[in-house]
Enquirer: 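My questions all concern the structure below.
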2 protein chains.
Amino acid sequence: MSIDSTWGSQKKIDGSKDGDKPLSTIEPGITAKRARGLDRAFEILDFLREQKSPMRPNEIAVQIGAPRSSVYELVNLLLRNEVLELAGADGRVFLGRKLFFLGAAYEEQFDFTRECEAALEMIARETRETAQFCMLDGNKYIVVRMKEGARPFRISSDVGQSVPIPWTASGRLLVAHMSDQEILDFIPPQDFKLPSGEWLAPESFIAEVRGAAVKGEFTFDSIVDSFTHCFAVPVIDAERRCVATLCLVAPREDGLANYRHYLSVLKKAAGELSGKPAVHD
Amino acid sequence: MSIDSTWGSQKKIDGSKDGDKPLSTIEPGITAKRARGLDRAFEILDFLREQKSPMRPNEIAVQIGAPRSSVYELVNLLLRNEVLELAGADGRVFLGRKLFFLGAAYEEQFDFTRECEAALEMIARETRETAQFCMLDGNKYIVVRMKEGARPFRISSDVGQSVPIPWTASGRLLVAHMSDQEILDFIPPQDFKLPSGEWLAPESFIAEVRGAAVKGEFTFDSIVDSFTHCFAVPVIDAERRCVATLCLVAPREDGLANYRHYLSVLKKAAGELSGKPAVHD
DNA sequence: TCCGGTTGTCCATTATAATGTACATTTGCT
DNA sequence: AGCAAATGTACATTATAATGGACAACCGGA
């Protein structure tokens, strides 16, 4: 089987729009590399997702640091395919219908959604806290679904928002299948800088990852705010990899008071989900 | 303002995977055109959506009639971007997470979903029939959401399935903003061939389109099966264009017996949705 | 076992896509 | 109004992406 040799090697995710802007030249004498259309295209799409609002092609070009002419051409191509749509005034564009349809097809195939919703429902009912279903998007952490608890306070991250992996409890679980080196290559260095300004030592992070993998859980006082405690447990696929997490965000006193109960509820829900997120046929 | 001149002209949708396969040469002496990577990429994605199951790159190449080497390269690029994912055994690939996230972002921006769900709920409650929310996907008709009625019988089309526009009641409404010529250019000629094998005269179709636009409704005995009557009404956006339809699929006797009632329920729901499917900010 | 069909890999060739640049047009300020 | 900045368009250049093929590995029957 040749998958491992070639397919595997290509699976490496490049940090995309993090450090590899089209700098004219890194070393003098080396001509600047041309970006590939497809990569640029998805860079544009991701950028629009982050912005959450329609933008002009020119604006996009400037902000992602890509040549204007290239962006205009790509935007037109994407419009033709209904991957982008004219939205708002002034020729602003945003994500298009095609993406909605493709996303729906993905969801149907790996339909964790339904079960996921039920799991969050259950957790929220049993704990009255805010429950989330999280995954990796490239080298970031992302909240896929959320069920607000009885007293919803300001949550660190909204659904669909990309957040550095080290900032989150779930992050410890989501990279557990990687080797130390892979983890270091995978997470952009600047993501170890916490919102407080402090730097988290990568070794400490990795130690937490290993610990979390053994216990099948990770909890800590949130790094992002100063008043919540976060609980995360892994959702495991058929190949025993952590493909997602269920997590709970609770006020600190509350979280500590119900520590064992909350964890057991999470684990029960995760157990029901685990093994499911696989292909239908 | 330059939007109209250039952006407008580019908005034309090419019939994509319908008649423009990479034929080696149309006229002898004209070199075969190379397909653009981006177009091929979305051709692959659309193909996977239709198949609804993971496929091998080679298989994809053969079926969409694209060079193998090209497909392999694109598939690898898409895997790198998590637009495709390895799924199933043997290096089969399917739509990836990235698409799910992008689709979710689209949905959040134009969130007809919530209101749409409510509308379908209401229709299903009032009529006990199967209700659908439909749109155009390129030059095809597609069911976006569906709420099965009290006695769900075999529905013509599943959610997410592409169907020729002329086969559907909604199709009459969805192309109403186009000129006669635009309609003819837009709909692939072979789509006027009905499932029965008969051909629908394009002029008749256009006449029905115009009639439907005036009345703000279209109903007929289904072309796809022999026992249902279909009702469709337009959902109008801020620019007074039909961007979607609400429709009802009922057993024929039943549909005729409640004709006025069903239509009024549909129109009430569509009225509440109309104007909504616009950008948030 | 052998053999045809399928699948994945590799590479040279050349059509063309991504880019830089210059120009045109609009917008927002003063 | 008048100017600067922002935005859209057009085009030539060249790095490279899409392609066709040749090869190797694998599979499923006779």
Side-chain angles (χ1 to χ4, degrees), chain A residues 1-11 20-26 29-44 54-81 84 86 88-93, chain B residues 1-11 20-26 29-44 54-81 84 86 88-93:
Chain A
M1 165 96 26
S2 46
I3 294 172
D4 290 334
S5 56
T6 300
W7 290 86
S9 70
Q10 307 238 14
K11 207 167 41 184
D20 50 1
K21 292 275 177 59
L23 310 164
S24 44
T25 33
I26 314 268
I30 296 172
T31 35
K33 237 178 106 69
R34 280 192 193 184
R36 191 148 236 236
L38 241 185
D39 291 332
R40 274 267 138 86
F42 282 102
E43 205 181 336
I44 292 172
M55 302 193 74
R56 300 173 122 165
N58 191 32
E59 210 178 345
I60 297 172
V62 171
Q63 299 232 27
I64 68 175
R68 232 148 27 110
S69 31
S70 305
V71 172
Y72 273 96
E73 186 176 355
L74 287 171
V75 164
N76 279 318
L77 274 181
L78 293 170
L79 282 172
R80 256 205 324 180
N81 284 296
L84 288 181
L86 288 173
D90 310 318
R92 264 179 255 270
V93 297
Chain B
M1 166 99 27
S2 45
I3 293 172
D4 290 335
S5 56
T6 301
W7 291 87
S9 68
Q10 308 239 14
K11 207 166 42 184
D20 51 359
K21 290 277 176 59
L23 310 165
S24 43
T25 33
I26 312 268
I30 295 172
T31 35
K33 239 180 105 69
R34 280 192 192 186
R36 194 157 240 243
L38 242 184
D39 290 333
R40 274 264 138 86
F42 282 103
E43 203 181 338
I44 292 173
M55 303 193 74
R56 302 172 119 163
N58 192 34
E59 210 177 345
I60 297 172
V62 171
Q63 299 231 26
I64 68 175
R68 234 150 20 114
S69 30
S70 305
V71 172
Y72 273 97
E73 186 176 355
L74 288 171
V75 165
N76 278 319
L77 275 180
L78 294 171
L79 281 172
R80 252 201 328 167
N81 283 299
L84 287 181
L86 288 173
D90 309 319
R92 264 179 257 270
V93 297

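Here is the naming used below: chain letters follow the sequence lines, and residue numbers restart at 1 for every chain.
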Enquirer: So how far is it from A:M55 CE to A:L84 CG, rounded to the nearest 0.5 Å?
Expert: 12.5 Å
Enquirer: In whole Å, what is the span from the CD1 atom of A:I60 to the P atom of D:dA6?
Expert: 17 Å
Enquirer: Let me know the distance between CG of A:D90 and P of C:dT27, rounded to the nearest Å.
Expert: 8 Å
Enquirer: Mind checking the CG-CG spacing from A:L74 to A:L79? Nearest 0.5 Å is all I need.
Expert: 11.0 Å
Enquirer: Does a side-chain N or O of B:R36 approach OP1 or OP2 of C:dA18 to a distance below 4.0 Å, or not?
Expert: yes
Enquirer: Measuring from A:Y72:OH to A:I60:CD1, what's the distance to the nearest 0.5 Å?
Expert: 9.0 Å
Enquirer: Could you grab the distance from atom CZ of A:F42 to atom CG of A:L78, nearest 0.5 Å is fine?
Expert: 8.0 Å
Enquirer: Which whole-number value in Å describes the distance from A:L77 CG to D:dA17 P?
Expert: 15 Å
Enquirer: The side chain of B:E73 is closest to which nucleotide in this list: D:dT19, C:dG8, C:dA18?
Expert: D:dT19
Enquirer: Taking atom P of C:dC23 as reference, at what distance in whole Å does atom OH of A:Y72 sit?
Expert: 18 Å
Enquirer: Roughly how many Å is it from CD in B:E59 to P in C:dG5, rounded to a whole number?
Expert: 18 Å
Enquirer: Calculate, to the nearest 0.5 Å, the distance between atoms CD1 and CD1 belonging to A:I44 and A:I64 respectively.
Expert: 5.0 Å
Enquirer: In whole angstrom, give the distance that lies between atom CG of B:L86 and atom C1' of C:dG8.
Expert: 14 Å
Enquirer: Hey, which of these two, B:S69 or A:S69, hits DNA chain D nearer its 5' end, going by closest nucleotide?
Expert: A:S69
Enquirer: With a 3.5 Å cut-off and just heavy-atom distances, do the side chain of B:R56 and the base of C:dT6 make a donor-acceptor pair?
Expert: no
Enquirer: Choose from D:dG21, C:dT6, C:dA17 the nucleotide whose nearest atom is closest to any side-chain atom of A:R34.
Expert: C:dA17
Enquirer: Side-chain donor or acceptor of B:R68 under 3.5 Å from a matching atom on the base of C:dG8?
Expert: yes
Enquirer: Report the distance from atom CD1 of A:I44 to atom P of C:dA18, rounded to the nearest whole Å.
Expert: 10 Å
Enquirer: Nearest whole Å is fine: how far is C:dA18 C1' from A:R40 CZ?
Expert: 9 Å
Enquirer: Could you check which of D:dT19, C:dT6, D:dT9 has an atom nearest any side-chain atom of B:N58?
Expert: C:dT6
